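To start, the structure under review is shown below, and the notes come after it.
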Amino acid sequence: MHPLLRALFGTKLNAALTLLMLATFAWALPPLFRWLLSDAVWQAENRTACTAAGTGACWAFIRARFALFFYGLYPVPERWRADLGLLLLAVVGAGALFARRGRGWWLAALVTLVPLAGGILLAGGILGLKPVPTPQWGGLLLNVVISFVAMAGAIPLGILLAFGRRSAYPVIRWISVAMIEFWRGVPLLTILFMGLILLPLFLPQGVTVDNLVRALIVMTLFNAAYMAETIRGGLQGVPRGQAEAAAALGLHPAQVQLLIVLPQALRLSIPGIVNIAVDLFKDTTLVSIVGLFDLMGVVNQSMKDPAWLGLAAEGYTFAAIVFFFACLVISLGGSLLERRFAVAHRR
Amino acid sequence: MQTLKDLLRRGALAAIAGGIAALFAGNVALAQLAPPPGPTVEAIKRRGTLNCGIDTGVPGFAAQDASGTWKGIDIDYCRALAVAILGDASKSKYTPTTAAARFTVLQSGEIDVLIRDSTLTFTRSTALGLDQVAVNFYAGQGFLVRKALGVSKAADLQGATICTVTGATLELNIADFARSTGARIGTLLFDKAEEAIAAMEAGRCDGYTDDSGSLAGMRSTLKVPADWMVLPELISKEPLGIHIRSGDPRWQKIVFWLDTMLKSAEEFGVTQANADQMKSSKDPFVLRLIGVEGDFGKMLGLDNDFFLRAVKTVGNYGEMYDRHFGPNALDLPRGLNNLWNKGGMHYTLPLR
């Protein structure tokens with residue numbers, strides 16, 4: 001008997017469970033398939049063509065608003081700038097993952113060149129680029145921008161907080177503990193609402209802080225707290241002998257931490273960091289609640305267009321698919337990183 | 001300490017400057033008939049854009065079409081204001097605001113005006129320190145129910161379960177209504193209207209309640225709209241309108257009279273298409289409306305053509321309603337939103 005068959009039908013209980021599952025699939029999958037694909041409407045001017053009896057999903061709705069889902073209100077003639085920015089991020093990100101040599105340079109580019117060039121490209125206003133104010137940024141572009149900035153800010157800040165929490169100086173230790181516990185102890189949504197509603201009341205009349213900037217600061221600080229705890233776990237996982245050996249070789253305490261302990265700690269923290277990155281990417285959808293139009297915001301908004309009213313199922317299905325694949329890319333990148341470092345470890 | 005001293009010195013300087021300005025102001029006001037348009041309009045002109053607070057998305061009032069352009073009756077009001085003040089409707093900048101943040105955003109000065117299907121109420125006027133300038137849409141809470149239920153008025157809903165969304169006053173209104181009529185009406189709460197509608201179609205409740213403006217849109221999204229009916233009566237008054245910050249009476253007058261004129265234009269037959277030809281009209285009201293006579297624009301601190309520009313951009317109130325709620329759009333009968341002489345509520349103040 002084939003091992004697979006034995007696993008499925010080996011015992012009476014297993015056989016019964018297998019048959020039950022098959023029956024469930026047979027019952028649930030065909031209607032899902034019909035709705036998703038065979039009965040779906042791909043071409044339509046508006047929702048009237050989708051409301052005929054027996055029609056499935058109205059993908060024409062997604063097609064009509066496809067560009068909006070990715071760019072939001074970013075002006076059409078300027079969208080190449082967003083494309084170029086994302087391409088730059090993808091190339092440098094891939095470089096940092098795959099490069100055999102000079103990985104340090106790729107990483108340096110990722111945290112300096114990409115934010116700088118990306119910021120110039122997206123915001124414009126210099127080098128002859130037309131300025132695009134942040135309320136016009138939207139769609140998946142906004143999710144990527146927020147996750148990247150928050151991640152790029154949270155890692156260094158998290159490292160500082162992690163060291164701070166292990167510091168021998170009580171003042172530094174307590175400040176770090178207070179920061180970490182405050183940001184971990186308050187729900188992200190609460191902080192976003194506070195930034196949106198309370199902040200304007202404290203600022204003098206007429207002084208406003210960009211909505212996106214508020215969201216970026218909140219997301220960065222919030223994730224820095226989680227990052228700090230993940231990295232602290234990594235620091236604890238580095239054998240004490242490493243630091244002692246380095247000290248015995250005559251390295252300065254700062255050199256011991258930066259050159260010996262931190263690199264090993266970061267390698268140990270990779271799964272945790274990737275976990276935070278995936279969480280963060282999904283959490284960016286919360287900004288739709290404070291009036292920013294990320295992918296979820298645009299999906300919610302699109303259902304209110306009188307021409308496409310009430311197509312919630314299609315909108316949410318589409319968003320789920322996009323988010324699934326985006327998170328898959330992050331996870332795959334993370335596991336690749338993990339494997340490559342593990343190889344170095346075994347040597 | 002240094003900064004405190006600085007502040008005091010600056011305060012003293014400002015007080016002196018203010019005193020001098022006040023001395024002259026009396027003379028100036030007497031000397032010229034056209035007053036300045038007030039700080040809000042001055043700020044708008046300096047900035048070059050009108051900051052308009054709108055909804056994040058509600059059919060007919062504010063929603064983005066497939067090209068990302070905002071459309072809706074609230075949007076048309078923003079455009080009318082922008083073209084009246086700045087001469088260019090595209091200078092209207094939209095800030096989508098959530099229900100929780102809308103009034104804070106207005107108070108903080110991020111927006112000049114809030115046109116966001118918001119009900120004008122006592123507490124919003126007093127406790128929040130806002131001016132409620134005009135009603136641009138008379139709505140009320142209504143019911144969408146299954147026809148098979150066999151009810152013809154809301155009081156018949158005894159024992160029924162109604163789906164609705166949390167957070168708004170909808171649930172409170174049902175409770176008040178049930179208390180006043182003695183009917184027992186159960187509610188089933190959802191976070192989003194789409195969920196509530198889905199639950200209703202699945203038979204978890206007998207109907208759905210929301211603002212009358214939204215109900216029409218919702219009914220058209222149902223699988224079999226003919227199985228459902230909107231009950232004729234409304235259980236609450238929801239006059240939706242325009243909010244501004246208190247403290248700038250000139251701005252208040254401009255917004256108020258622009259709204260009045262948009263409705264008057266319908267009454268006097270001035271439309272987007274015929275506005276220019278109307279200059280040869282014999283009706284003094286029409287001539288004042290489009291700025292041929294009477295210097296009304298100047299008296300508001302604008303120019304006399306301001307309304308002509310507005311009506312040529314967005315049309316009169318009736319045209320706006322038809323565009324977003326008419327038979328080719330959400331198909332919501334005019335009802336209370338008709339002119340007073342056609343059975344509605346819009347009875348505008350006379351232009352004289």
Side-chain angles (χ1 to χ4, degrees), chain A residues 45-48 50-51 53 55 60-61 63-68 71-76 133 135-136 138-139 193 195-211 288-293 297-313 315-316, chain B residues 39 43 49 51 53-72 93-111 192-195 197-198 201 214 216-225 245 247 323-325 328-331:
Chain A
E45 282 291 298
N46 54 47
R47 60 177 283 273
T48 42
C50 296
T51 49
T55 51
F61 161 59
R63 285 175 52 142
R65 307 184 65 103
F66 201 69
L68 272 186
Y71 302 99
L73 293 182
Y74 210 85
V76 180
Q136 294 186 358
F193 268 120
L196 184 77
I197 296 170
L198 283 181
L199 195 67
L201 296 180
F202 297 139
L203 293 173
Q205 187 94 56
V207 176
T208 55
V209 179
D210 192 291
N211 233 345
S288 66
I289 294 173
V290 295
L292 289 171
F293 287 96
V298 177
V299 167
N300 280 331
Q301 154 68 234
S302 297
M303 295 180 240
K304 308 291 172 65
D305 180 357
W308 300 102
L309 268 183
L311 298 173
Y316 290 137
Chain B
T49 54
N51 290 340
I54 55 169
D55 201 302
T56 52
V58 57
F61 291 95
Q64 284 172 5
D65 68 4
S67 67
T69 315
W70 285 99
K71 295 271 168 73
K93 208 186 108 208
Y94 304 110
T95 302
T97 58
T98 58
R102 53 187 160 176
F103 298 120
T104 318
V105 171
L106 180 59
Q107 286 161 336
S108 73
E110 262 185 79
I111 54 175
K192 281 193 172 354
E194 290 80 17
E195 294 169 29
I197 287 289
E201 284 201 283
S214 313
M218 284 299 173
R219 182 167 176 263
S220 69
T221 70
L222 295 172
K223 289 196 189 80
V224 193
R245 273 186 303 285
R323 195 153 52 231
H324 305 297
F325 295 97
N328 294 325
L330 291 171
D331 199 13

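Predicted model, so just to flag it, every value in this text is computed and none were measured. Below, read A as the first sequence line, B as the second, and so on, with proteins coming before strands; counting in each chain starts at 1.
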Task: Non-hydrogen atoms of A:Ala312 and B:Glu194 that approach each other most closely - done: CB-CG, 3.6 Å
Task: Under 4.5 Å from any heavy atom of chain A - which part of B:Thr98 - done: side chain
- [ ] Determine the option with the most heavy-atom pairs under 4.5 angstrom with chain B, choosing from A:Leu68, A:Val76, A:Asn211, A:Val298.
- [x] A:Leu68
Task: Toward chain B, the part of A:Leu309 with a non-hydrogen atom under 4.5 Å - done: both
Task: Flag, side chain of A:Gln301 to backbone of B:Gln64, donor-acceptor distance under 3.5 Å - done: yes
Task: For A:Phe193, ring pair (Phe, Tyr, Trp, His ring centres under 6.0 Å) partners two or more places apart - done: none
Task: Under 4.5 Å from a heavy atom of chain A, the part of B:Ala101 involved - done: both
Task: Contact origin within A:Tyr74 toward chain B - heavy atom pairs under 4.5 Å - done: neither
Task: Part of A:Phe293 lying under 4.5 Å from any heavy atom of chain B - done: side chain
- [ ] Look up atom OG1 in B:Thr56 and atom CG in A:Leu292, then write down how far apart they are to the nearest 0.5 Å.
- [x] 11.5 Å
TODO: Output all residues satisfying ring pair (Phe, Tyr, Trp, His ring centres under 6.0 Å) with A:Phe61, sequence neighbours left out; order by chain, then residue number.
DONE: A:Trp308
Task: B:Gly60 to A:Pro306 - nearest heavy-atom pair and separation - done: N-CG, 4.1 Å
